[in-house]
Amino acid sequence: MKFLRHKSFRGDPQVHYKMFKVGRTWVFTAMASFVLTAAPQLVSHADTVSADTSSDTASSATSSASSGADTSSAAASAAALAAATASSTSTSTTSDSSTASSSSETASNSNSESSSDSSSSDDSASDASSASETSTTNATSTSSTSSSSVSTASSSASSASSSSSSSSSSATSSSLTDSSSSSAASSSTTSLSSSASVAASTVSTASSVASTTKSASTAASTAAIAAYSSESAASSNTDSTAAKAASSSASLAGSYATLASSYASLVNNLTTQAAVSAAQSAYQEALNAADLSRHYNSIANMYLDAMTNGVGSNVDNTLAYANANSLAFSAASAASSYAALASTATSTASSAATQGLINLASSNYSAASSAASAATVAASSAAEAANSAYLAMQYDKNNTAVTSAYTVASSMAAAASTAAVNATTAAVAASSAYVAVSSNAANNDYEATSTAYAVTSSAATEALGQYAAGSTATSTASSAASFANSTAISDLASAASSSANVANTAKSTASSAASVAATQTGTQASAYASSAATAASSASSAYAVASTAAKSAVSASDPATADSYARVAQSASSLAASYAATAESNATLAAKFSTDVANEQTVSSNATLTTSTATQSVSTGDTVTITNKVGLDSGYSVSGTPTYVWYVSTDGTTWTTISGATSATYTTTATTSGTYYYQAVVTGKRVTALVFTSDFKAAGNVITIVVTNPEGTYTEIASSYASQANSAASVATSQAAAASNAISLASSSANLTGSLASYYTSQANSSYNAASSYASVASEAASIATMASTSAASYEAEGAYTSANIWAGMASSYASVATEYASSASSAASEAAASLDTALKNAVNEDGGDTAADYLASSYASMAASSANVAGDQASLAASYAANAANAYNVAGSSFNTTATSSYNAAASSAAVAASSYAAAASEAASLAASYAADGNYNSAALQQSYAALRLTYATDQLNAASSAASAITQTVVQAQIQLL
């Protein structure tokens with residue numbers, strides 16, 4: 001390149017002088033030719049691609065150059081002219097030809113080294129070489145015949161033109177892509193090699209021409225002149241093969257430089273920066289070489305134009321043309337070399353970028369993994385918040401705001417969980433992509449590496465986005481949980497405060513009752529008054545517990561703790577209320593057993609009589625025992641056996657002597673409930689140590705005996721029986737009405753006119769009539785029972801316990817009658833339903849339609865759905881009881897939990913699970929029943945209805961079990977806490 005720059009820009013006197021001579025001659029010749037022909041025509045040369053306004057392809061130019069109309073060619077003229085002047089310039093020509101040939105060979109070799117072994121390129125070069133050899137041989141052997149020389153030169157020009165066309169086509173096939181660029185570089189180099197061969201052929205021809213004899217030279221000169229004279233116009237040659245190839249190489253180098261910059265922009269390190277610098281430098285050098293190639297290409301065309309137009313020495317022009325053309329291709333070869341250097345630098349940048357992507361991918365993978373971990377933590381926190389809100393909702397079920405807050409927290413927890421899963425999936429994708437980056441980078445595969453790196457980037461972005469979504473969801477869930485907890489604590493604290501207020505009221509009630517009891521008189525009354533005072537004291541203690549729990553609930557840290565305090569307050573309140581009830585009961589008993597009676601015996605002469613009993617409160621059927629103790633003055637003792645008279649009163653006013661009761665101890669069986677007053681009067685003799693006797697008589701204190709019936713007072717018993725009778729009558733009436741309605745609905749919904757259907761329908765009506773009759777009797781019995789209840793209450797109020805007992809018995813008897821007839825009515829109604837069912841089933845076959853079947857199936861499906869709904873409710877209640885049991889167990893902790901509480905908790909949980917399972921089974925049966933009903937399959941619908949009803953029974957049993965377990969564990973824990981307090 002330095003040589004080329006020196007030759008072109010720093011000055012070569014010979015080159016400049018030749019250019020001056022040729023240029024001057026060419027100008028005058030062109031002017032003369034223009035005058036002679038009046039219109040310039042383009043003549044194709046073997047090394048030139050002619051311009052054609054109608055087509056851009058080199059093949060049309062070649063076709064034009066080889067056409068039959070213009071048998072003369074510039075190459076032929078150059079050969080003839082060189083032969084004419086060979087004798088005078090043979091030495092100089094030979095020297096110049098050798099130089100040109102050497103330059104051409106250098107260019108050809110340079111291009112051959114940078115080109116790929118392409119079959120098309122080799123063929124083109126071979127054709128050009130063959131053309132050159134043919135031209136040389138023909139020019140030497142037939143130099144005396146100008147027409148032969150012209151023909152041979154034309155053949156050479158045609159072959160060289162084909163090579164030039166091939167070269168131009170190869171040069172234009174270059175691409176800017178990495179793989180296409182390499183192919184383009186190969187194509188450009190092949191073009192240079194082919195064109196350089198043409199230049200070498202031209203120089204070889206010139207050398208052959210220079211060695212011809214003078215006689216041949218004279219003949220050739222004559223032929224050349226004749227040929228030139230026959231030209232229609234001077235031609236201007238624009239061959240740009242080398243320049244185009246050089247420009248293509250420069251463009252390719254530019255593409256490489258751009259590609260290297262793109263690598264450096266992705267991975268910016270010292271290696272990629274150095275590679276970019278090298279690629280850009282090579283690109284700049286390629287641009288300079290392209291400029292030189294265009295410059296020498298232009299000079300070569302000037303010499304070629306001189307030869308074409310017969311200006312100057314053809315030998316000198318030929319050698320000068322070959323030299324300039326060789327320099328043009330040498331510059332093009334240098335441009336190709338710089339393109340190769342740019343390609344190498346780009347490859348270096350690609351490799352460096354490929355390795356650098358490992359670190360970038362690692363960063364993306366780390367970011368994705370961190371985001372996934374953070375999203376998982378956030379999801380866990382959201383789940384905890386949702387669980388906290390759920391517990392708050394369990395402790396405060398009646399507050400819809402807490403329920404709504406739980407719904408929000410639960411929804412957000414689900415969103416956070418989804419985000420965590422998505423982030424983890426993205427992290428896994430990033431991990432796999434990172435492995436792919438490392439593997440592909442080890443193979444120096446930039447495309448695969450960059451593709452995998454893009455996956456890590458996308459995965460990292462996705463993971464970070466999911467973490468952000470999860471974090472937002474967690475924040476929302478936490479806020480909702482905080483609201484739910486604070487609200488639940490506030491509500492529970494309010495409940496605890498209410499319980500404390502109730503306990504305070506109970507304390508006041510118990511205290512008042514104890515005060516009233518203390519005013520009663522008598523031994524028995526005093527004992528009850530004492531019990532009332534004890535109960536009042538216990539109520540006061542329970543209030544203190546409730547009050548403390550209420551204050552603690554306000555400052556509770558969580559709903560569970562607040563709930564435990566609220567439960568303690570509630571239990572204490574219940575206990576206070578219980579103690580208040582006990583105090584009131586004892587106050588009532590104190591008043592009842594008070595000796596404030598009238599008309600009792602009051603005698604007291606020389607003795608005292610103390611009456612007592614341990615059976616002051618008994619139930620009907622129990623034994624009552626009352627004893628007496630005589631008290632005498634000091635020094636006296638009872639002489640003989642005293643005589644006792646016993647009195648009894650049921651109203652405390654009217655006293656009746658008990659026949660046959662004459663002993664100090666009175667024993668009787670309580671047959672009738674009520675309040676009885678007993679008093680004894682003793683009569684006897686006393687004696688002193690001196691055997692002095694005297695009479696004594698004394699009345700004992702009144703003893704109150706309360707006889708109760710386990711079923712209640714006569715009023716309560718009679719009322720209960722009356723209620724039972726009315727309930728039975730109501731059920732009987734309802735069942736009879738249901739049977740009537742069922743018959744009416746079935747008759748209107750299905751065709752029951754068939755013989756069998758009609759028969760069983762009549763049977764159903766008969767059963768209904770019986771049910772209706774039984775229901776009427778049950779109603780009458782209920783009315784009598786109600787009247788008996790009223791009478792029993794009236795007599796009991798008067799103290800006529802026997803009469804009250806009789807009326808209560810009558811109420812019981814009529815209640816039994818009502819129950820018996822209600823049962824008969826129920827049986828008759830069931831028979832009516834069975835007969836109706838049979839009628840409908842027969843109607844299905846007799847009618848031949850779907851009406852009866854649809855009615856039956858729909859009825860069964862409806863009953864199944866009802867059973868399933870109730871079973872679902874039972875399961876929900878069982879779950880609530882289980883949650884209460886679990887809360888009580890958790891709140892109690894190790895301080896209060898025992899094997900019993902653990903067993904209760906497990907039992908409640910197990911019952912809730914079982915109830916839920918049965919409810920689900922009932923729901924499934926109901927769904928199947930509905931499906932069968934839709935198809936009119938009443939048999940299958942009936943079966944599923946039976947299953948649903950059975951599952952309902954099981955679910956109810958489990959509900960009861962869960963309720964009992966929850967109640968047991970709560971009572972056990974609360975009692976333990978109160979005992980500790």
Nearest heavy atoms of [X] and [Y], plus distance in Å:
X: A808; Y: A718; result: CA-CB, 3.9 Å
X: A822; Y: A728; result: CB-O, 3.1 Å
X: K397; Y: T403; result: O-OG1, 4.2 Å
X: A473; Y: A416; result: CB-N, 3.9 Å
X: A670; Y: S619; result: CB-O, 4.0 Å
X: A771; Y: A829; result: CB-N, 3.8 Å

Verify the neighbour count for atom OH of Y795: are there more than 12 heavy atoms of other residues, nucleotides or ligands below 6.0 Å? no

If you count every heavy atom of other residues, nucleotides or ligands that lies below 6.0 Å from Y676 atom OH, does the total exceed 12? yes

Donor-acceptor contacts under 3.5 Å from residues 919-938 side chains, at least two apart:
residue: N937; atom: OD1; partner: S940; partner atom: N; Å: 3.2
residue: N937; atom: OD1; partner: S940; partner atom: OG; Å: 3.4
residue: N937; atom: ND2; partner: S940; partner atom: OG; Å: 3.0

Using modelled atom types only, decide if a donor and an acceptor are shared between the side chain of [X] and the backbone of [Y] within a distance under 3.5 Å.
X: N741; Y: A737; answer: yes
X: S823; Y: T819; answer: no
X: S512; Y: S508; answer: yes
X: S490; Y: S486; answer: no
X: Y721; Y: A785; answer: no
X: N485; Y: A481; answer: yes
X: S673; Y: T708; answer: no
X: S417; Y: A413; answer: no
X: N726; Y: A722; answer: yes
X: S909; Y: A906; answer: no

Answer yes if the side chains of [X] and [Y] hold a donor-acceptor pair under 3.5 Å, and no otherwise.
X: Y390; Y: S410; value: no
X: Y954; Y: Q958; value: no
X: T561; Y: D558; value: yes
X: S499; Y: Q570; value: no

Would you say that [X] contacts [Y] through its side chain, given a criterion of any heavy-atom pair below 4.5 Å between the two side chains?
X: T487; Y: N399; answer: yes
X: W807; Y: M787; answer: yes
X: D873; Y: L877; answer: no
X: T790; Y: S794; answer: no
X: T802; Y: N805; answer: no
X: T620; Y: T672; answer: no
X: Y768; Y: L836; answer: no
X: S404; Y: V408; answer: no

Gap between atom [atom2] of [Y] and atom [atom1] of [X] - 0.5 Å precision:
X: L950; Y: Y947; atom1: CG; atom2: OH; answer: 9.0 Å
X: E716; Y: S723; atom1: CD; atom2: OG; answer: 12.5 Å
X: S719; Y: Y714; atom1: OG; atom2: OH; answer: 16.0 Å
X: S755; Y: Y760; atom1: OG; atom2: OH; answer: 10.5 Å
X: Q735; Y: S772; atom1: CD; atom2: OG; answer: 12.5 Å
X: S835; Y: E831; atom1: OG; atom2: CD; answer: 7.0 Å

Evaluate side chain to side chain contact (heavy atoms under 4.5 Å, CB included) for T650 paired with T675, printing each intermediate quantity in order. CA-CA 6 Å; T650 58; T675 302; over 6 Å; no

Applying side chain to side chain contact (heavy atoms under 4.5 Å, CB included) to V913 and S917, what does each step give before you reach the verdict? CA-CA 6 Å; V913 171; S917 176; 5.6 Å; no

Would N501 and T505 satisfy side chain to side chain contact (heavy atoms under 4.5 Å, CB included), going step by step from the backbone distance to the final call? CA-CA 6 Å; N501 291 335; T505 300; 5.5 Å; no

Which word best sums up how the rings of Y774 and Y821 line up, parallel for under 30°, tilted for 30 to 60°, or perpendicular for over 60°? tilted

